[in-house]
Amino acid sequence: MKRIGILTSGGDAPGMNAAIRAVVRVALYKGLQVSGIRRGYQGLIEGDIFDMNVSSVGDIIHRGGTILQSARCLEFKTEEGLQKGLEMLRLFNIDGLVVCGGDGSYKGALKLWENGFPTIGIPGTIDNDLGYTDYTIGFDTAINTVVSAIGNLRDTSSSHGRANIIEVMGRHCGDIALHAGLAGGAESIIIPEVEFNVDDVCRKLIQGKNRGKLHNIILLAEGVGKPYDVAELITKKTGMDTRVSIIGHLQRGGVPTAFDRIIASRFGSRAVELLMEGVGGRAVGIDGNDIIDVPLEVATKPNDRLNKDMYDLAQMLSI
Ligand code: ADP
Ligand code: F6P
């Protein structure tokens with residue numbers, strides 16, 4: 001292993017820059033050369049590849065987004081696209097590749113590995129939807145953004161005595177809604193992993209109103225969808241005025257939290273070590289406070305885990 005490549009792919013996530021910095025600096029420290037690949041698999045196919053040095057990753061640890069940029073590249077899903085990628089890796093003398101992204105990006109990394117090219121995945125997505133790792137880079141920052149939004153909306157919710165429905169990201173995973181809802185003291189949390197019962201939500205709203213509660217925050221995961229229909233249904237059943245806020249891409253940016261920077265740095269370092277040990281086809285993650293690695297086949301398995309204890313706690317605390 002003389003030269004490694006690094007790319008970020010799929011939806012960007014705050015903390016990806018800290019991961020890039022760790023990969024580059026640890027690799028250089030250990031005597032490797034590093035190639036940066038811009039715009040994920042799109043840049044790989046096009047040969048948008050450049051040499052990185054210590055300064056390439058200076059002054060980025062605190063920045064959201066990714067200096068390597070990201071992309072969703074349909075061509076890479078085809079056999080022809082994959083072969084183009086492999087050819088570029090050969091042309092640029094890259095011996096191993098670190099891919100920072102979500103499950104789609106991991107599927108691409110797995111295909112490269114199945115074609116004999118060593119790859120290591122770093123979990124970079126705000127969704128926290130990879131079942132093998134407790135946390136993905138960007139999730140902590142995203143939930144803090146949502147908690148801050150809940151604070152603002154709670155003020156206006158109280159002033160008007162409304163029910164405010166907040167739709168948050170997460171694809172098919174309810175983790176952003178669950179964690180931010182618990183931290184923000186939401187009255188109801190609606191996630192794809194638990195069957196939605198509008199009567200439960202309405203009962204809570206009415207009970208809260210009867211005991212003088214002014215604000216009502218309902219956190220809705222995008223995987224459930226239809227926030228305006230939910231709002232209309234609540235108004236119909238309770239007579240309460242409702243408003244919908246879709247936070248959207250605000251959750252994808254911003255200054256990464258210390259937690260995200262720390263796990264990103266630890267993941268980046270471990271990814272380089274694995275490649276140097278001659279290991280490929282694996283993804284790094286965190287279990288408790290331990291850095292782990294699992295086969296990419298395992299890391300790309302659909303995730304149906306739900307932290308039931310946390311969900312039940314949020315329910316108890318919002319009676
Ligand atoms: P994320 O990595 O955040 O889940 P995507 O699902 O959009 O985001 O995947 C990012 C990129 O990974 C895709 O645009 C594509 O280039 C690549 N990718 C996704 N699925 C596959 C697949 N089955 N085979 C090869 N590449 C894939
Ligand atoms: O995977 C991250 C994510 O932000 C999801 O939560 C969301 O569904 C999706 O990406 C949005 O994708 P795009 O940025 O392409 O609109």
Side-chain angles (χ1 to χ4, degrees), residues 11 125-129 131 135 139-252 302-319:
T125 166
I126 64 163
D127 299 339
N128 209 39
D129 59 348
Y135 294 105
F139 173 69
D140 188 59
T141 306
I143 60 173
N144 277 288
T145 301
V146 175
V147 168
S148 160
I150 291 174
N152 288 13
L153 289 164
R154 186 194 279 254
D155 291 344
T156 171
S157 186
S158 302
S159 305
H160 292 269
R162 286 176 177 146
N164 285 75
I165 292 129
I166 310 174
E167 187 193 272
V168 296
M169 282 185 164
R171 280 206 178 149
H172 306 295
C173 179
D175 272 22
I176 294 181
L178 176 55
H179 289 241
L182 178 64
E187 273 63 42
S188 294
I189 299 172
I190 307 171
I191 54 177
E193 294 88 342
V194 179
E195 202 180 335
F196 172 42
N197 184 336
V198 72
D199 289 344
D200 286 344
V201 174
C202 291
R203 193 180 321 106
K204 260 191 192 171
L205 291 184
I206 295 166
Q207 283 170 344
K209 195 176 169 189
N210 289 345
R211 61 169 216 270
K213 197 175 214 179
L214 296 176
H215 63 269
N216 290 286
I217 300 293
I218 299 165
L219 225 54
L220 175 77
E222 70 173 349
V224 176
K226 299 194 168 56
Y228 291 97
D229 291 357
V230 171
E232 207 179 303
L233 205 55
I234 290 171
T235 303
K236 207 167 133 201
K237 285 186 178 255
T238 64
M240 205 174 267
D241 197 14
T242 51
R243 288 292 185 274
V244 173
S245 305
I246 299 176
I247 313 184
H249 288 81
L250 282 174
Q251 293 158 93
R252 284 261 292 273
N303 164 33
D304 52 9
R305 101 191 123 100
L306 164 71
N307 190 333
K308 185 77 173 47
D309 289 347
M310 191 180 284
Y311 182 79
D312 291 342
L313 176 61
Q315 292 283 94
M316 276 193 280
L317 296 179
S318 62
I319 46 174

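All of these numbers come straight from a predicted model, not from anything done at the bench.
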Trainee: Is the backbone N or O of D155 less than 3.5 Å from a side-chain atom of S159, with the two atoms forming a donor-acceptor pair by type?
Mentor: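 Checking the backbone N and O of D155 against the side chain of S159, a donor-acceptor pair under 3.5 Å is found.
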Trainee: Can you list the residues that meet the side chain to side chain donor-acceptor pair (under 3.5 Å) rule with S245, with sequence neighbours excluded?
Mentor: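 Not a single residue meets the side chain to side chain donor-acceptor pair (under 3.5 Å) criterion with S245.
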Trainee: Answer yes or no: is there a side-chain heavy-atom contact under 4.5 Å between L220 and V244?
Mentor: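 No. Closest side-chain heavy atoms not under 4.5 Å.
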Trainee: Would you list the pairs meeting salt bridge (Lys or Arg N to Asp or Glu O under 4.0 Å) in which at least one residue belongs to residues 144-153, sequence neighbours left out?
Mentor: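 Those involving residues 144-153 do not exist here.
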Trainee: Please give me the minimum heavy-atom distance between D140 and N144, naming the atom from each residue.
Mentor: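 Result for this residue pair: O-ND2, 2.8 Å.
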Trainee: Looking at every heavy atom in both C173 and N128, which two are closest together, and how far apart are they?
Mentor: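 Result for this residue pair: SG-O, 3.7 Å.
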Trainee: With sequence neighbours left out, write down each residue that passes salt bridge (Lys or Arg N to Asp or Glu O under 4.0 Å) with D127, or none if nothing qualifies.
Mentor: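 Listed in chain order: nothing, the list is empty.
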Trainee: Return the set of residues passing side chain to side chain donor-acceptor pair (under 3.5 Å) with D199 (not counting sequence neighbours), or none when no residue passes.
Mentor: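 Testing D199 for side chain to side chain donor-acceptor pair (under 3.5 Å), a comparison that skips the adjacent residues, returns K237.
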Trainee: Tell me, do I143 and F139 make a side-chain contact under 4.5 Å, heavy atoms counted?
Mentor: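 A side-chain contact under 4.5 Å exists here.
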Trainee: For a side-chain contact (heavy atoms from CB on, under 4.5 Å) check, start with the C-alpha distance between I247 and E222, then their side-chain angles and the critical distance, and finish with the verdict.
Mentor: CA-CA 10 Å; I247 313 184; E222 70 173 349; over 6 Å; no
Trainee: Got a sec, which residues hit side chain to side chain donor-acceptor pair (under 3.5 Å) with T145, two or more places apart in sequence or on another chain?
Mentor: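 None.
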Trainee: With salt bridge (Lys or Arg N to Asp or Glu O under 4.0 Å) as the rule and sequence neighbours excluded, what pairs involving residues 307-319 come up?
Mentor: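 Non-adjacent pairs meeting salt bridge (Lys or Arg N to Asp or Glu O under 4.0 Å): K308-D312.
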Trainee: Below 3.5 Å, can you tabulate the donor-acceptor pairs from side chains in residues 162-170 to any protein atom, sequence neighbours excluded?
Mentor:
{"from": "R162", "atom 1": "NE", "to": "D241", "atom 2": "OD2", "distance (Å)": "3.0"}
{"from": "N164", "atom 1": "OD1", "to": "S157", "atom 2": "OG", "distance (Å)": "3.1"}

Trainee: Drop me the distance from I246's CD1 to Q251's CD, to the nearest 0.5 angstrom.
Mentor: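 Atom-to-atom, I246:CD1 and Q251:CD are 10.5 Å apart.
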Trainee: Only one of L219, V146, D129 passes side-chain contact (heavy atoms from CB on, under 4.5 Å) with I176; say which it is.
Mentor: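 With I176 as partner, side-chain contact (heavy atoms from CB on, under 4.5 Å) holds for just one option, V146.
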Trainee: Can you list the residues that meet the side chain to side chain contact (heavy atoms under 4.5 Å, CB included) rule with Q207, with sequence neighbours excluded?
Mentor: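 So Q207 forms a side chain to side chain contact (heavy atoms under 4.5 Å, CB included) with R203.
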Trainee: Can you name the residues that form a ring pair (Phe, Tyr, Trp, His ring centres under 6.0 Å) with Y135, not counting sequence neighbours?
Mentor: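 Scan of Y135 (ring pair (Phe, Tyr, Trp, His ring centres under 6.0 Å), adjacent residues dropped) gives F259.
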Trainee: What side chain to side chain donor-acceptor pair (under 3.5 Å) pairs are there with at least one residue in residues 226-236, not counting sequence neighbours?
Mentor: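 Only T235-T242 qualify under side chain to side chain donor-acceptor pair (under 3.5 Å).
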Trainee: In Å and rounded to the nearest 0.5 Å, what is the CE to CG distance from M310 to L178?
Mentor: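 Atom-to-atom, M310:CE and L178:CG are 6.0 Å apart.
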Trainee: Under 3.5 Å, sequence neighbours excluded: what are the donor-acceptor pairs made by side chains of residues 179-196?
Mentor:
{"from": "E187", "atom 1": "OE1", "to": "I217", "atom 2": "N", "distance (Å)": "2.7"}
{"from": "E187", "atom 1": "OE2", "to": "K213", "atom 2": "NZ", "distance (Å)": "2.8"}
{"from": "E187", "atom 1": "OE2", "to": "H215", "atom 2": "NE2", "distance (Å)": "3.3"}
{"from": "E193", "atom 1": "OE1", "to": "G174", "atom 2": "N", "distance (Å)": "3.3"}
{"from": "E193", "atom 1": "OE2", "to": "G174", "atom 2": "N", "distance (Å)": "2.9"}

Trainee: Let me confirm one number: the NZ-CD1 distance from K204 to I319, rounded to the nearest 0.5 Å.
Mentor: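 The NZ atom of K204 sits 9.0 Å away from the CD1 atom of I319.
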Trainee: Provide the closest heavy-atom pair for T238 versus I234 in the form atom of the first, atom of the second, distance.
Mentor: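 Closest heavy-atom pair between T238 and I234: OG1-O, 2.6 Å.
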Trainee: Got a sec, which residues hit salt bridge (Lys or Arg N to Asp or Glu O under 4.0 Å) with R252, two or more places apart in sequence or on another chain?
Mentor: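 For R252 the salt bridge (Lys or Arg N to Asp or Glu O under 4.0 Å) partners, ignoring immediate neighbours, are D12.
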